[in-house]
Every structure is written in structure tokens, then in C-alpha cells.
Visitor: 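Just passing along the structure, written as C-alpha cells.
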Amino acid sequence: MDTNYDPQKIETKWQNRWAEQKLFDADLDPGRKKYYVLEMLPYPSGDIHMGHVRNYSIGDALARYMAMKGFNVLHPIGWDSFGLPAENAAIKNQRPPAEFTFAYIDRMRRQLKRLGVSYDWRREVTTCVPEYYRWNQWFFLKMYERGLAYRKKGRVNWCPECETVLANEQVVEGCCWRHEDTPVVEKELEQWFLKITDYAERLLDDMQELVRWPERVLTMQQNWIGKSKGTEVDFKVVELDLPLRVFTTRVDTIFGCTAVFVAAEHPLVEKLIAASKAPEKLRNDVERIKHSAIRARAEVNLEKEGAATGFSARNPYNGEAVPIWVANFVLTEYGTGAVMAVPAHDQRDFEFCTTFNLPIRTVIVPKDAEPQVTLEAAFTEYGKLVDSGPYTGLASERAIERMTKDAEAGGFGKGTIQYRIKDWGISRQRYWGTPIPMVYCDACGVAPVPESDLPVLLPADIKLTGKGQSPLANAPEFVATTCPKCGGPARRETDTMDTFVDSTWYFYRYTGPKIDTAPISREAVKYWFPVDQYIGGIEHAILHLIYMRFFTKVMKDIGLVDFSEPVARLFTQGMVIKDGSKMSKSKGNVVDPTALFERYGADTVRLYMLFAAPPEKDLDWSDTGIEGASRFLNRVYRVVAKHAEDLGAVESLLGEVARPEASADYTPEERKLLRKAHQVLRHVTEDMEERWHFNTDIAMTMELVNELAELDAEVSDGKIRPEILKETLEVLVLVLALFAPHIADELWEGLGYSGATLRVPWPAYDPDLAAEDELEMPVQVNGKLRSRIRVAVDVTEDEIRRLAQADEKVAQHLGGRQIVKIIVVPQKLINIVVK
RNA sequence: GCCGGAGUGGCGGAAUGGCAGACGCGGCGGACUCAAAAUCCGUUGGUCGCAAGGCCGUGUGGGUUCGACUCCCUCCUCCGGCACCA
């Protein structure tokens, strides 16, 4: 073999060979155990970035390990290819989005192939082609049938920059998730929604199954779903005899209610204005509050604002009438849009009532401590009820229970559960997405496109403006259709679907990418699912990872699958950081992977990405760090190449040939080398199964290479036999095959084998070889390290005690003091406690 | 404000109740070379000491333990998520 490491040459050679051998093609095989490794599919933005390299290097290490362990490994990739960036680029360059998208896909596919990831490219899925998106439409129709897709006029989040609606999940700190400096505004629009709220409880319950998901992700999802138990209580508008329902989690405080607050958009407000003695003033006040409430989304601490309506509401518990105020902090879309104000026991109510001089009445006191006479802030904890009529003296917990029951019995309220999560608005006023398969007929109203007419094709040659409404609305040949019910002229829906719909089920499609009679092949899904390991960025913890779980539950309900959770195990990788912030084009701190492939080779880039930090943590990019990775691979290449010629014909002890019975046959140098090799193998094997600290695996591999360098003279002297050396080099190469597969295959060939390392069964480590036969045990006196003694592994505890006390340095520190006890931790240390 | 995660040399990190700093980067010294690159060897937490060796050291303060980077409590800082959710 060549004496010089030439990554370009080697990597091209092996990528071609892997393709010729169809090495990564995975087919359904009921006789073999499967393993499905999934990485989040990329958006084709033009070039892969370091985040991709990291994601796919992690996935590839696992996929290769599982393949070597004998599993039938499915490892697919695809393109999340609908979306705004392509459309915006298209507007700028006056070319169709499809053109950009497919060109970018081609480019990124080449780059990924250059990285040498073990993908089954036959299964590539592209979300922007009709063969895929027709099934988005199919799912939509199924959901429409079941009432899970519905249309309503509502206030929506609108990004003025994207000129489209955003899902709640896409609003970040009051701004657009894509334009972090652009505040989202609210608009009234007719929109399609998917009823994810129907699944809120199941999304929470089924988390029990997600035992191999990061706690962090589950917590974030829990917060997002935001379940809270409480009570709905019906107040009554005294002057108009109208009901006014409030939601509270603290019905125990209701005797301290001194007002009722409603949101500016609450339907009652219009009625109050109509009946008001000063309608104009009230309307002005309400409008002012509306605007301040919208602003509040972007601000952290909004000043409390409000307006007295002049009306009052009767508290059903004590019959007391309290004033109704419009308040800017009350949310229309949560609960009932109205709250009871208990200033003594809710901080917001406290601030509001202090500002507007409304009375404050204490009805909860701490169970043990003395109540405060004057409040400086609300007392919001549970306690004991006072001045609360028949409930006085009860503990909060008990009172909530009793008072809710009484409301139910009295017909003026009930126990209820509220969720923070809202239905998923999927309408987008944009072109580059899945057309929503619905039709509007003047005679029949809204009608779904019949399943047999799918797909509703996204027309080419559309004039893109990026302004206001969907560009499809300006394409008469698209809009004009016939009504599926009456056959008369009708109009098509011109909005397209949120691209997050595309990624809710793409990983099912990989298992049967070509079938055209159904979205998925049941047989294939039965074999391959669940996804054994999903790997991706933490930024998808709530958006994609909730939608995807939701979709699988819908699929179960329509009988497509028989499980509720599609992903058994989730891994969230850290970000790639440079100069203190995430690599991004806007920050100008990106490092281009393809330039590094040319300079160092893909193996080096992968190795560095895995070595620089454990995979779940953020990774600081370092230009000198990658130099180190490159140096290491050069070193490995040289050490193997140096001996390859002599070892080609040597039989190896690793699996092929029976090991000699007694390890006494080894020279001390051989023993040392084999010990290190099998320790590395043990560490990597255990780590791949559980911990995934690839950085330590690679560090161990480096130690093995260091050991080889140290024993170089002994190898030359013949103190280490060729078969021992060969075994060591084989361990080195096979471990490396997980992280730097091209060089590994080249070296494997150099050692006299013909196939790829991926087809080599992962070798079992020999525990006896990995074991130490002599240990250096630290000896502490009163917990302080004072000396070390060398002992045989099988030494008795008594002997350890004797040796430790006999040690000269230890004796000095004992200084004749009385020994209280001696703690011996086998294999670890000795601690002598003295007085 | 609530929830979660993290804090270790000059830097990335290792050690999850038992020798703190593995491995790598960077630094310093040396070999090879006319020279440089590459490569190789040595050294590298702080401090006192000629040395043997001592003392200090994992954000802060306390606790548990023979023994704490690791477990418990307090506080501080940073990162992430949610946020006027009643």
C-alpha cells in the first residue's frame, strides 16, 4: 500500500466501491433483526453546514456499529424541500422555486456523498414532488372527514417579512422565528386548523412510553402543552342578566374576589358597549387596551391598563356584585377570556387593583405563620381559608375540591382542564408548499377534493410576488374548478400547507418510498418501525417533535399503524459554535465543510466533530483542533502501513484462530499491547451501547496508537509476534471504522482483507486480556494521598492492609498514631484513618 | 417569575462516591535539517523548595462521608425553554 496517506484518493476509491457493492442497501428481511437509524432530514439550502456534518457523523457511527453487530440497518435520507427560502430566492432571481430546489438538492446530495455517510440512497424522499405531497393532501382529507381539520376565522400571527401566517410554535418572543427582529402582527383571516388540542391529553399520557427520550425534551413539550386543572365559575352581569364565565385554578380564593376582568376581545364587551351609558368613551378605552395587549407579545413587562365598564357581576358563592373591568393582561384565547380578580392572592390582580384603587381582601392565610396585616405583594401560596363563609377554616386543597363540587351541584360551575396548546394553523399564503385540497362552491359551500382526484398539483409558471395573498390566487387556471358535489363552477383553496406538515411523516415514507396506492406500506412499517434511534437538533424539541407525535396518533386512529409513538429513542445533539455563537450565515461565522473535505478529507472532519465534545453538548469550533485530528489519522495510517506488508499473510487471533489457553504464553510486551487493545475495544463497545461519548472512544484509540509507538522498538526486536501485532492493528482499524470509515477500509485492505469493514462482525473483547494483572493502589492517610503500592490483582485484603502499613511513606505519616480503621476498596484504594 | 441544563488548567474536554486534569489543542525545551515544513522526543494546574517533598486547587458558603468534581442544602453566574396561561 501507499506509504503516504492521501485522503482524497482513498475516499473516492471507497465511496465508489461502497456504491458498487450496494453496501448500504437495506431490504426487508423478516429473518434478521432490524435497526432503524434516522437523522433529521435537511432543508436544501444549497450547501451542507457543520451542524449537518455533526448530525450525520453521529448517526453514521451508530449505523455502522449496528451493521457490524449484525443488524439489518435502515439508514435513509431525504429533503425537506418545500418552504419559504426557495420561494424568496425565486422572487429575487425571477426563476421558479422548483429550479432552485432541485439544483440545491443535487448539490447537497453530492456533498453528503462526499462525506461518505452510509445512506441507502434508493430510499431518498423529496417532499416537494407530487408523489410525496399528494399524501399530505390525503392525510388532510382523512382529518377533514374526522373533523380534525377545520376552517375558522381567527386572529392569526402574521409576519410582515414573510408575508404569511405563522403557527404559534413559530412565534419566538413576539417575533418571527425566521426574522428574529420582525415583530409578529395579528390579522383576522380564514384559516385551516388541525385539531392537535384533541390530542393534548394523549400527547401527555404517551410520554410514559418515551423512556429513552431526553428529559429536557419531554419537559419542554409538557410546558408547551400546558395542562392546568381548575374550575369554571359562572358570574352574572347584574344589569343585563347575562352569564359571564371565568376560569380559575384557585377557586378557594373566590371570597376575596373584588372585580371581574375581561379581555378586550371578549364577546361580552361589544354588548356592554351597546348597553353603556357612555358607549363612546368605553369603546375608545377598549380600543386602546386592545392595542396595548397586542404590543404586550413583544414586551416582557407590560404596564397594567384597564377600563371600568360601569357594569357589575354577581359572585355565585357569596352573592356579592363586583365591578367588571376590561384589562389588558387578560388573554382572549386562554380559558374563558375572563378572570375573577383576587388581588390579595394573585400578583397580577394585586398590581392591577393597586393601580386602580380597587379593594383588596385577604381570604387565605398561611397555615402556621401569622398573616400579614398590610400586603406588599399577593400571598399566592396555598393556606387556610378565612372570611369565606361556609368554607372558612378549610385548607386550600380541600376547599378547591369542595367548592368545585358545590358549583357543580348548584349549577353555576364545574371542574375543568385547560391547555395552553392551541390548534395548529396550517394555512400559508405562499406558493411553495402543498396545495390544500379543498374547493369552494357558491351553492354547496366548502367541499373536499375527492381522494381519486389527488394530487392537486402545484402549478408551475406562477408569478411570484411574495406579497399579501397566495400567488395561486392569481392563477385562474388553478383556481377555476368544478364543485365535487354539484358539478357547478367552483374555486380552489389557494393557500398551501405549513411545511411542518411535510416532516410529520416523512420517516414512514422511507420504508416504502415508491408505493403509489397508499402513503405507507403496512408490511414495511410493521418490519421497520419504530424508529430505533432518531438524531437531530434540540431546536426541534417542540415544533417538529410534537407535530410528528400528533400525526402518528392520527395515523393510529385511522388504522394505518398500530402504535402510538413512532420513535423509541431520541438523541438531541448540541450546536456547533464559533466565536461564541451558533454558526450562521447572518453572523458570518460559518465554516464550510466542503472546503475542509478538500483540505483534510471527510474522515478528518468527521473525526474532529466527534472528538471535540460529547455529542449532546455544544461544540466549539477550532481550526487547530482539526489539525490535530488530521495529524492523528496520518499517524494511524503510517503505523499500519509500516507493518501491512509483513502482516498480510499472517493469521490473526481476532476471531479467526483459537487463542492460546494460558495467557502466560505472552511476553510482557505482548501482554501490554493486547491489554490496551482489548481495553479500547471494551470501552468503545460499552460506550456505543449506552453512553455515546465518542470523544472518549477516540481518546482511547489515540492511547492505543501511542502505546504502539512506545512499543515500536519491541516490535522491531521481535518481542512482539506478528499475530499479536496484527490483532492490535485490527482492533485499531475496526474501532476507527465507526468514525473514519474510508481510511479504515483502506487500512483493512492493507492488512490483507478484501471486503469493507462494515461487513466485518464487531469483535468481542476478551475480558481476561483487558484485565490488569497488577495494580497500583493509592494509599491515603485520613483521606489524603500519601503513597502508592503495587499489588497483584488477586491479592487478599489482609495482604493489602499489611503492605499499605509497611510502606515507608505511609509509616511516616502514621507517625505512631492510633489506627481507627482501614478502608480497603478492592481494585481502587486504601484509606487508613488515624487519631 | 416558573421549569430544565451547565460552571474543572491558557483552550476543547476526562473522571458520576475512591489517584482531579485522560486524550487533544496551545505553550516551552530538544532532535533531525544549510534552513523551513513535516516528523519524533521531553515538559506543561498554582505555589513554596536546590532536592526529597509540602501546601493549595473542580463557581460560592455550608452539610453528609473514612473519603466529595461527583450526593444534599444555600447563594452567584451563564445557557436553553416557557412566560400577564388566571
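Note: hydrogens, waters and symmetry copies are ignored here, and every other heavy atom, side chains too, is used. Bear in mind the structure is a predicted one, so any value in this text is a computation, not a measurement.
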Visitor: Looking at residues at least two apart in the chain, or sitting in another chain, which of them share a ring pair (Phe, Tyr, Trp, His ring centres under 6.0 Å) with F550(A)?
Guide: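 Here the qualifying residues are Y199(A).
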Visitor: Compare all side-chain heavy atoms of P614(A) with those of W692(A) and state whether any distance is below 4.5 angstrom.
Guide: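 No, too far: nothing below the 4.5 Å cut-off.
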Visitor: Using purine N1 to pyrimidine N3 plus N6-O4 or O6-N4 for Watson-Crick, or N1-O2 and O6-N3 for G-U wobble, both under 3.5 Å, which nucleotide pairs with G1(B)?
Guide: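 Partner of G1(B): C82(B).
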Visitor: Test salt bridge (Lys or Arg N to Asp or Glu O under 4.0 Å) on R786(A) and D807(A) and set out the steps.
Guide: CA-CA 10 Å; R786(A) 292 305 179 188; D807(A) 185 87; over 6 Å; no
Visitor: With sequence neighbours excluded, tell me which residues meet ring pair (Phe, Tyr, Trp, His ring centres under 6.0 Å) with F632(A).
Guide: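 Expected list: none.
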Visitor: Any N or O donor-acceptor pair under 3.5 Å from the base of C66(B) to the side chain of N831(A)?
Guide: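 Answer yes: a donor N or O sits under 3.5 Å from an acceptor.
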Visitor: Rounding to the closest angstrom, what is the interatomic distance between U8(B) and C3(B) at atom P?
Guide: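 Rounded to whole Å, the distance is 25 Å.
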Visitor: Rounding to a whole Å, what distance do you find between I546(A):CD1 and G81(B):P?
Guide: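 Going from CD1 in I546(A) over to P in G81(B) covers 15 Å.
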Visitor: C1' atom, G7(B) versus G21(B): distance in rounded Å?
Guide: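 After rounding to an integer number of Å, I get 16 Å for this pair.
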Visitor: Under 6.0 Å from the ring centre and within 45 degrees of the ring axis: does the NZ or CZ of K304(A) meet both conditions for the six-membered ring of F356(A)?
Guide: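 Cation-pi check for K304(A) and F356(A): fails.
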Visitor: Sorted by first residue and then second, give each salt bridge (Lys or Arg N to Asp or Glu O under 4.0 Å) pair with at least one member in residues 626-641 of chain A; sequence neighbours left out.
Guide: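 Qualifying pairs, neighbours excluded: R599(A)-E627(A).
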Visitor: What is the distance, rounded to the nearest whole Å, between atom CD1 of I800(A) and atom C1' of G18(B)?
Guide: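 Atom-to-atom, I800(A) to G18(B), this comes out as 13 Å.
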Visitor: Find every protein N or O atom lying less than 3.5 Å from an N or O atom of nucleotides 39-44 of chain B, and list the pairs.
Guide:
residue : atom : partner : partner atom : Å
U39(B)  : O3'  : R638(A) : NH2          : 3.3
C40(B)  : OP1  : R635(A) : NE           : 3.2

Visitor: State whether T624(A) places a side-chain N or O below 4.0 Å from either non-bridging phosphate oxygen (OP1 or OP2) of G24(B).
Guide: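 For T624(A), the contact criterion (side-chain N or O under 4.0 Å from OP1 or OP2 of G24(B)) is not met.
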Visitor: Do any side-chain nitrogens or oxygens of K784(A) fall under 4.0 Å of OP1 or OP2 in C56(B)?
Guide: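 So the side chain of K784(A) is within the cut-off, an N or O lying under 4.0 Å from OP1 or OP2 of C56(B).
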Visitor: So which one's nearest nucleotide on RNA chain B is more toward 5', K828(A) or T332(A)?
Guide: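 On the 5' side of the pair lies K828(A).
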Visitor: In whole angstrom, what separates R216(A)'s CZ from G4(B)'s C1'?
Guide: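 Computing the R216(A):CZ to G4(B):C1' distance gives 8 Å.
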Visitor: Touch check for Q418(A), heavy atoms < 4.0 angstrom, all strands: base, sugar-phosphate only, or nothing?
Guide: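 No contact at all - Q418(A) keeps every heavy atom at 4.0 Å or more from the nucleic acid.
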Visitor: Would you kindly give the CG-to-P distance between N223(A) and G5(B), to the nearest whole Å?
Guide: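 Distance, rounded to whole Å: 12 Å.
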Visitor: Starting at CE of M575(A) and ending at P of G81(B), how long is that distance when rounded to a whole Å?
Guide: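 For the pair M575(A) CE and G81(B) P, the rounded distance is 9 Å.
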Visitor: Please state the P separation for the pair G24(B) and G17(B) - nearest whole angstrom.
Guide: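 After rounding to an integer number of Å, I get 26 Å for this pair.
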Visitor: Given that both distances must come in under 3.5 Å, which nucleotide forms a Watson-Crick or G-U wobble pair with G67(B)?
Guide: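 When the pairing criteria are applied, nothing turns out to pair with G67(B), so the answer is none.
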Visitor: So, Y600(A) versus Y608(A), ring centres under 6.0 angstrom or not?
Guide: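 No - the distance between ring centres of Y600(A) and Y608(A) does not fall below the 6.0 Å cut-off.
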Visitor: With a 3.5 Å limit on both atom pairs, tell me what G49(B) is paired to, counting Watson-Crick and G-U wobble, or say none.
Guide: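 When the pairing criteria are applied, nothing turns out to pair with G49(B), so the answer is none.
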Visitor: Should G45(B) be called syn or anti, with syn set as within 90° of 0?
Guide: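 G45(B): anti.
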Visitor: Could you let me know what G42(B) is paired to, Watson-Crick or G-U wobble, both distances under 3.5 Å, or none if it's on its own?
Guide: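 For G42(B), the partner nucleotide comes out as C28(B), under the 3.5 Å rule.
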Visitor: Counting only Watson-Crick pairs (N1-N3 plus N6-O4 or O6-N4) and G-U wobbles (N1-O2, O6-N3), all under 3.5 Å, who is the partner of A6(B)?
Guide: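 Pairing partner, where one exists within any strand: U77(B).
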Visitor: Mind checking the C1' distance from A20(B) to G67(B)? Whole angstroms is fine.
Guide: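 So the two C1' atoms sit 14 Å from each other.
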Visitor: Is the shortest distance from a Lys or Arg side-chain nitrogen in K672(A) or E714(A) to a carboxylate oxygen in the other one below 4.0 Å?
Guide: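 Looking at K672(A) and E714(A), the cut-off is not met.
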Visitor: Aromatic ring centroids of F352(A) and F261(A) under 6.0 Å?
Guide: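 That pair passes the under 6.0 Å test.
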Visitor: Dump every N/O contact between nucleotides 50-53 of chain B and the protein below 3.5 Å, one line per pair.
Guide:
none

Visitor: Can you sort out which residues in residues 698-706 of chain A have a heavy atom within less than 4.0 Å of RNA chain B? Ascending by number, please.
Guide: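 Under 4.0 Å from RNA chain B: A699(A), M702(A), E703(A), N706(A).
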Visitor: Does G335(A) reach a base, just sugar-phosphate, or nothing at all? Heavy atoms under 4.0 Å.
Guide: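 Nothing, no nucleic acid heavy atom in range.
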Visitor: Please report the distance separating the P of A68(B) from the corresponding atom of G57(B), rounded so that it comes out in whole Å.
Guide: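 Those two atoms are separated by 12 Å.
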Visitor: If you measure from the C1' atom in A6(B) to the same atom in U60(B), how many Å do you get, rounded?
Guide: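 One C1' to the other, the span is 16 Å.
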Visitor: I823(A) side chain: which of A86(B), G18(B), C84(B) is closest?
Guide: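 Of all the options, the side chain of I823(A) is nearest to G18(B).
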Visitor: Show your reasoning for whether salt bridge (Lys or Arg N to Asp or Glu O under 4.0 Å) applies to R212(A) and E690(A).
Guide: CA-CA 11 Å; R212(A) 314 283 311 254; E690(A) 205 48 50; 3.6 Å; yes
Visitor: When the C1' atoms of C11(B) and C66(B) are considered, how many whole Å apart are they?
Guide: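 To the nearest whole Å, 37 Å.
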Visitor: Please enumerate all protein N or O atoms sitting under 3.5 Å from an N or O of nucleotides 12-15 of chain B, with distances to 0.1 Å.
Guide:
residue : atom : partner : partner atom : Å
G12(B)  : O2'  : A612(A) : O            : 2.6
G13(B)  : O3'  : N695(A) : ND2          : 3.2
A14(B)  : OP1  : N695(A) : ND2          : 3.0
A15(B)  : OP1  : R691(A) : NH2          : 2.5

Visitor: Check salt bridge (charged side-chain N to carboxylate O under 4.0 Å, His left out) between E774(A) and all other residues, then give those that pass, not counting sequence neighbours.
Guide: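 E774(A) satisfies salt bridge (charged side-chain N to carboxylate O under 4.0 Å, His left out) with R790(A) only.
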Visitor: Can you name the residues that form a ring pair (Phe, Tyr, Trp, His ring centres under 6.0 Å) with Y637(A), not counting sequence neighbours?
Guide: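 In terms of ring pair (Phe, Tyr, Trp, His ring centres under 6.0 Å), with neighbours along the sequence ignored, Y637(A) is linked to Y5(A).
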Visitor: On a whole-Å scale, what distance lies between the P atoms belonging to C69(B) and G18(B)?
Guide: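 That atom pair is separated by 10 Å.
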Visitor: Quick one: list whatever passes side chain to side chain donor-acceptor pair (under 3.5 Å) with K809(A), sequence neighbours left out.
Guide: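 K809(A) satisfies side chain to side chain donor-acceptor pair (under 3.5 Å) with no other residue.
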Visitor: Which sits closer to the 5' end of RNA chain B, G783(A) or S622(A), going by the nucleotide each is nearest to?
Guide: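 Between the two, 5'-proximity favours S622(A).
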Visitor: Can we say E772(A) and R675(A) salt-bridge, meaning some charged N sits less than 4.0 Å from an Asp/Glu carboxylate O?
Guide: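 Yes, charged N to carboxylate O under 4.0 Å.
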Visitor: Please determine, for the side chain of V833(A), which listed nucleotide (G18(B), C84(B), C66(B)) has the closest atom?
Guide: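 Shortest atom-to-atom distance from the side chain points to C66(B).
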Visitor: Stepwise, does the side-chain contact (heavy atoms from CB on, under 4.5 Å) test hold for T231(A) with M403(A)?
Guide: CA-CA 9 Å; T231(A) 314; M403(A) 293 171 82; over 6 Å; no
Visitor: Restricting to ring pair (Phe, Tyr, Trp, His ring centres under 6.0 Å), what partner residues turn up for W213(A), sequence neighbours left out?
Guide: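 Per chain and number, W213(A) pairs via ring pair (Phe, Tyr, Trp, His ring centres under 6.0 Å) with no residue.
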Visitor: Rounded off to whole Å, could you give me the CD-to-P distance for the E333(A) and A86(B) pair?
Guide: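 My rounded result for the distance is 13 Å.
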Visitor: Distance check needed: G80(B) C1' versus E616(A) CD, whole Å only.
Guide: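 Spelled out: CD on E616(A) to C1' on G80(B) is 15 Å.
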Visitor: Sort and list the pairs that fulfil salt bridge (Lys or Arg N to Asp or Glu O under 4.0 Å) and have at least one residue in residues 249-258 of chain A, not counting sequence neighbours.
Guide: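 For residues 249-258 of chain A, and leaving out neighbouring residues, the salt bridge (Lys or Arg N to Asp or Glu O under 4.0 Å) pairs sorted by first residue read R250(A)-D252(A).
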